[in-house]
Student: 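This is the structure I have questions about; it appears just below.
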Amino acid sequence: MNLDHLNKEQQRAATHTEGPLLILAGAGSGKTATMTHRIAYLIEQGVSPYSILAVTFTNKAAGEMRDRVEKLVGPCPGMWIMTFHAMSLRILRGHYYAAGYDKNFVVYDTVDQKTIIKNITKEQNIDSKQYPAAYLLAIISKEKETDSGPEQFLEKSDDSPKAKTIYNVYNEYQRQLKANNAMDFDDLLLNALHVLRDNQDILAQYQHRFRYIMVDEYQDTNHIQYEIIRMLAMAHQNLCVVGDDDQCIYQWRGADIRNILDFEKDFPAAKVIKLEQNYRSCGNILAAAHSVIKNNRGRKAKKLWTEAEAGSPIVYKRCDSDKEEAYYVAQEIDLLCGSGNRSYDDFAVLYRTNAQSRLFEDALKRRRIPYQILSGFSFYERKETKDMICYLRLVVNPTDDLALKRIINEPKRGMGPTTLNKIGALAYVKGKSLFDILSDEDVIYSLPSRASASVKEMMDVIRLCQQEKENLRVSDIYDNLLVKTGYLKALEDENTIEAESRIENLLDFKSFIFDFEEEKANSGEKATLEEFLERVATDSDTDKYDDKSGKVTLMTMHSAKGLEFPIVFMPGMEDGLFPGHRAMDSENGIEEERRLCYVGMTRAKERLFLTSAAYRVLYGQGDYTRESAFLRELDKSLLHEAGDTVYEPSRRTNNRLGVNTGSFDGFSENPPFRPYGFDPLKYAKKAVKESASGSGEEFMHGDRVTHGKFGHGIVVDVDAKTVTVVFEEAGMKKLAKGIAPLKKV
Ligand code: ATP
Ligand code: MG
């Protein structure tokens, strides 16, 4: 393989295949690129992709790495390139029994977790003001990060009433998860660890399989993740970890910087390679980032150099207010784009907290600059998406009581809390799931009359999807649930702007399903509903980021790690915001924030803009601010202070999407941005309905048909409920009428 475009050190790292290896290097020095080449090199040396495990920080990074490797050496079936959580999930899917779970266990996200905690505090009469769900969950998560269960928590604690309360909640929380055949995020890692630790045969199987193990962003692994990797790597010792102690930004989530600083202790044979040339950023950016990070004491000294030119100075602007700050950023983007060779996806606005995003959204909208926002509260956390995910989950795992409770009255089916409680009590007494209980006709008839019919209808649809799951694409199942459960219709009947935007979101979610199906088809794999739900459960915000979107990217500095952009804005450089209030109490806290600052600055390739606001409203509180400690540390000779903001309307008459913005007053309200002349929503809605209702055709023996999943075939038998078709590729299938995506040709 031609490794010529790597530098000498990178080449050494890529070709050092046997024995433990630590690649320790600063931002943008090609760590990820080297790891990718190393995988390709291994495969070219005859190593089977099947023996390779590469762990990355996001699904997006995993996908990209796979693409690049496959470009270098062709398709690599059987190779595991994935996140820690996805890897744990994969192991647990194979050995659920060893973890004490049923086959179709589900993964609960933060919203599910909060619901459960809230129910528990209510049941146990715990004051939710004194013990908010988020607080309890944070404690539980911290415990799990150190492999400490409820009993261990109690043992360590001081026997106070508070400890007792937390113990009770933790204990009950675990019990309920188990009863629902569900795990939370921390459980994924923990259960995988336990399965490997307690089952020598299973561990041996994976140790044997993974002869080569690699971990990117190693500085952000926590104790449990480290243990998993350490155990897997013990047999062959071919572990290559790649990281930068200066970029450890997840200590608050249990990441343990010692994992990287002590690697040489754990693997005494380890070879260490440092990469010192930076290929990402211009000289000024690199020097500025260095002038900040060098103030951290607990770090391995290293300095990056670059062949790139110094580039423009870092621009700093002190704005009067947070509003002006947002205006300034939008205006700069507008100007830089207007002057020619820039496109919107060259820009990223990286902020400290999601709460800062709204003003930037407003300012960008006013200038009709398209943007994508990656925040914890979009997409999966939208109510409607969440509801549909719960429907999908029930198709896979009918014992998922939490999902059923969430959707049984969505849309309204006359199932009030009283009725639901009765059903719940019945389920409890009989030791069955809610789904089981509601599958009993007698129970259905005993419901209030309005509920009876609609709940039965809902149960029928879910059951039908369960039965036909293997014969349908994920998108078909989704369409059927959306339409036949009445969910879509209820929103349409509302006939409000809000309902309309919810429908829009649901259709947006469908394009996400399509992407998933397409991706699977391209790699020759089956796109199952189980896998789709796993993807949803393990997806992080960054995974939705699309670098060819033609849009400005807004995200937190945390989610920007590993990414790069030609032009980066870092707003909110103020004490109390960045570094944050809480961090300012301790040296450790400040150092973690400083690393975050370093991560943010080193995302920039060509230009870096820093801003602060003299007056800011945050979480409803307005206050005057002081410039960030990090600004004071920054080498002033690299800085150019921008002058006063000149308020003026957008100068360009045409933006890149060809929409005439005319003489546009930057501060007036404008209709939402609609680049196309037709109503895409209407088309999408129609498609969903058609797909859910099938063609409505009657089929006869001998009819030639096509099927959404199986392609072309001939009908060989028809009865009241089913159509039997012999497909050219898929063979004979018996399909349920009314849901099969069949059409005559
Ligand atoms: P981070 O610490 O932010 O994760 P990294 O060390 O993983 O950064 P990469 O993302 O792998 O760095 O590389 C940074 C940029 O430098 C990429 O655009 C990559 O293509 C480029 N690059 C890496 N190595 C070389 C090289 N030898 N020659 C030219 N460009 C390179
Ligand atoms: Mg990287």
Side-chain angles (χ1 to χ4, degrees), residues 1-15 21-41 54-69 71-72 81 83 214-221 240-250 255 257 260 273-283 285-286 289-290 293 299-300 302-309 311 345-346 348 350 542 545 547-548 555 557-568 570 595-606 608:
M1 164 181 288
N2 187 354
L3 295 173
D4 282 353
H5 49 283
L6 297 186
N7 68 32
K8 280 263 144 28
E9 286 305 291
Q10 290 176 331
Q11 284 180 18
R12 273 211 313 147
T15 54
L21 172 66
L22 167 64
I23 304 177
L24 180 66
S29 58
K31 293 185 296 298
T32 305
T34 304
M35 189 166 140
T36 309
H37 280 89
R38 191 170 184 276
I39 298 173
Y41 178 79
V55 185
T56 61
F57 212 74
T58 60
N59 286 322
K60 165 100 183 146
E64 246 172 49
M65 192 172 284
R66 176 180 290 274
D67 282 352
R68 290 204 195 140
V69 170
K71 263 201 197 105
L72 292 167
I81 299 193
T83 63
M214 274 155 273
V215 185
D216 196 5
E217 307 277 4
Y218 181 66
Q219 74 279 356
D220 280 321
T221 49
C240 164
V241 300
V242 177
D244 178 1
D245 52 325
D246 287 338
Q247 292 186 67
C248 178
I249 52 174
Y250 280 100
I257 203 164
I260 196 160
I273 294 184
K274 293 191 176 178
L275 307 176
E276 282 164 346
Q277 180 170 3
N278 173 295
Y279 291 94
R280 178 181 295 147
S281 311
C282 288
I285 294 171
L286 210 54
H290 182 75
I293 194 67
R299 66 185 284 264
K300 291 199 170 188
K302 58 182 166 328
K303 186 158 183 186
L304 290 164
W305 63 277
T306 176
E307 274 174 4
E309 53 199 60
D345 45 31
D346 287 345
L350 308 180
T542 333
Y545 157 70
D547 53 2
K548 290 165 212 76
M555 63 167 116
M557 282 175 242
H558 275 104
S559 3
K561 100 191 214 151
L563 304 176
E564 56 189 27
F565 303 89
I567 303 174
V568 168
M570 282 170 61
R595 289 191 291 270
L596 186 58
C597 184
Y598 176 75
V599 168
M601 293 171 83
T602 53
R603 299 309 95 201
K605 290 159 97 168
E606 296 161 36
L608 176 62

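In listed order, ligands and their atoms are each counted from 1.
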Student: Is it the case that Gln11 and Glu9 place a side-chain donor and acceptor less than 3.5 Å from each other?
Tutor: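 There is no such pair between these side chains.
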Student: Cation-pi between Lys561 and Phe57: NZ/CZ under 6.0 Å from ring centre and within 45° of the ring axis?
Tutor: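 Pair Lys561/Phe57 counts as cation-pi.
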Student: Do the side chains of Thr306 and Gln277 get nearer than 4.5 Å, heavy atoms only?
Tutor: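 SC-SC contact between Gln277 and Thr306 ruled out.
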Student: Pairing donors with acceptors under 3.5 angstrom, does anything connect the side chains of Asp216 and Thr56?
Tutor: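 The answer is no; no qualifying pair exists.
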Student: I need the contact residues for ligand 1: any residue with a non-hydrogen atom closer than 4.0 Å to the ligand, ordered by chain then number.
Tutor: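 His5, Leu6, Asn7, Gln10, Gly26, Ala27, Gly28, Ser29, Gly30, Lys31, Thr32, Ala33, Glu217, Gln247, Tyr279, Arg280, Gly562, Glu564, Arg603.
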Student: For Asp244, enumerate each residue passing the salt bridge (charged side-chain N to carboxylate O under 4.0 Å, His left out) test, keeping only those at least two apart in sequence or located in another chain.
Tutor: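 Once residues adjacent in sequence are excluded, the partners of Asp244 under the salt bridge (charged side-chain N to carboxylate O under 4.0 Å, His left out) criterion are Lys302.
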Student: Could you tell me whether the side chain of Thr83 and the main chain of Asn59 form a donor-acceptor pair under 3.5 Å?
Tutor: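 No; zero donor-acceptor contacts below 3.5 Å.
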Student: Does Glu564 come within less than 4.0 Å of Arg280, counting only side-chain N to carboxylate O?
Tutor: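 Arg280 and Glu564: salt-bridged.
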Student: The criterion is side-chain hydrogen bond (donor to acceptor under 3.5 Å, both in side chains); which residues satisfy it with Gln10, sequence neighbours excluded?
Tutor: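 Applying side-chain hydrogen bond (donor to acceptor under 3.5 Å, both in side chains) to Gln10 gives none.
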Student: Under the ring pair (Phe, Tyr, Trp, His ring centres under 6.0 Å) rule, what do Tyr250 and His558 come out as? Steps first, then yes or no, please.
Tutor: CA-CA 8 Å; Tyr250 280 100; His558 275 104; 5.2 Å; yes
Student: The Mg ion (ligand 2): which protein N, O or S atoms are under 2.8 Å away?
Tutor: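 Correct list: Thr32 OG1.
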